[in-house]
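For the numbers below, each heavy atom of this structure counts, side chains included, while hydrogens, waters and symmetry mates do not.
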Amino acid sequence: MNILNNRNFEPEFRFQTSRSSGPGGQNVNKVNSKVELRFSIDASSLLTDHEKEILHRKLKSRITDDGELIIIAQDDRSQIRNKELSINRFYELLEKALKPKKKRIRTKPTLASKKKRMEKKRIHSLKKQNRQTPDQQ
């Protein structure tokens with residue numbers, strides 16, 4: 001199930017380009033192929049207040065003081081491909097952050113695991129007893 005419900009955040013994206021330090025040879029020195037995707041979480045009209053709160057809590061290390069989420073892509077030589085990569089990373093990041101955590105269901109230990117544990121304890125106890133000097137037994 002898609003948490004984002006096919007919401008299109010792209011009108012709210014801001015892109016900045018600069019020279020990349022990635023692959024590209026001489027092309028790197030001439031072309032602005034590095035892409036920075038900037039998304040203002042607080043100013044977004046597509047996110048609910050609850051979702052904004054979750055994103056601020058879970059992605060606080062990736063959010064600037066201005067409340068902007070910044071995703072950088074410089075993997076490819078092409079600016080267009082880096083732009084696509086940054087958009088994909090954005091959606092993956094939001095999907096992961098907004099996915100509710102699965103609640104752990106406690107289970108009872110099986111009879112076999114109880115027996116195995118007791119046997120291990122017995123063996124460990126015997127090992128300790130065998131290390132003692134005869135006058136301590």
Practice task
For Ser45, enumerate each residue passing the side-chain contact (heavy atoms from CB on, under 4.5 Å) test, keeping only those at least two apart in sequence or located in another chain.
Solution key: Glu12

Handout entry: Spatial distance of atom CG (Leu37) from atom CD1 (Ile87) [nearest 0.5 Å]
Key = 6.5 Å

Practice task
Report yes or no: does Ser86 contribute a side-chain atom to a donor-acceptor pair with the main-chain N or O of Lys83 at less than 3.5 Å?
Solution key: yes

Completion exercise
The side chain to side chain donor-acceptor pair (under 3.5 Å) partners of Glu36 (sequence neighbours excluded) come to Arg38

Completion exercise
By side chain to side chain donor-acceptor pair (under 3.5 Å), Ser113 pairs with (sequence neighbours left out) Thr110

Practice task
For Lys52 and Asp42, indicate whether the former's side chain and the latter's backbone hold a donor-acceptor pair under 3.5 Å.
Solution key: yes

Exercise for the section: Give a yes or no on this: more than 12 heavy atoms of other residues, nucleotides or ligands lie within 6.0 Å of atom NZ of Lys58. Expected result: yes

Practice task
Mark yes when over 12 heavy atoms from residues, nucleotides or ligands other than Ile123 sit less than 6.0 Å from its CD1; otherwise mark no.
Solution key: yes

Fill in the blank from the handout: Taken to the nearest 0.5 Å, the spacing of Asp49 CG from Glu51 CD works out to 9.5 Å

Handout entry: Worked verdict on Leu55 versus Leu69 for side-chain contact (heavy atoms from CB on, under 4.5 Å)
Key = CA-CA 9 Å; Leu55 290 176; Leu69 175 66; over 6 Å; no

Problem - Nearest-0.5 Å distance, CG of residue Leu47 to CD1 of residue Ile54 - result: 10.0 Å

Practice task
Tell me, please, which residues at least two apart from Arg104 pass side chain to side chain donor-acceptor pair (under 3.5 Å).
Solution key: none

Practice task
Identify, with sequence neighbours excluded, every residue that meets side chain to side chain donor-acceptor pair (under 3.5 Å) alongside Arg89.
Solution key: Asp75

Problem - Linked hydrophobic residues, Ile72 as query - side chain contacts closer than 4.5 Å - result: Ile70

Handout entry: Qualifying residues under salt bridge (charged side-chain N to carboxylate O under 4.0 Å, His left out), relative to Glu84, sequence neighbours excluded
Key = Arg81

Exercise for the section: Any chance you could measure Leu98, atom CG, to Glu95, atom CD, to the nearest 0.5 Å? Expected result: 7.5 Å

Practice task
Decide whether Leu85 and Phe15 are clustered together by the hydrophobic rule: side chain heavy atoms of Ile, Leu, Val, Met, Phe, Trp, Tyr closer than 4.5 Å, transitively.
Solution key: no

Practice task
Please name all residues satisfying salt bridge (charged side-chain N to carboxylate O under 4.0 Å, His left out) with Arg62, sequence neighbours left out, ordered by chain then number.
Solution key: none

Problem - Any pair counted as salt bridge (charged side-chain N to carboxylate O under 4.0 Å, His left out), so long as it reaches residues 113-128, sequence neighbours left out - result: Glu119-Arg122

Exercise for the section: Check the hydrophobic clustering (I, L, V, M, F, W, Y; side-chain heavy atoms under 4.5 Å; chains of links allowed) and say if Phe39 and Ile63 are grouped together. Expected result: yes

Practice task
Give a yes or no answer on whether the side chain of Asn82 reaches the backbone of Asp76 with a donor-acceptor pair at less than 3.5 Å.
Solution key: yes

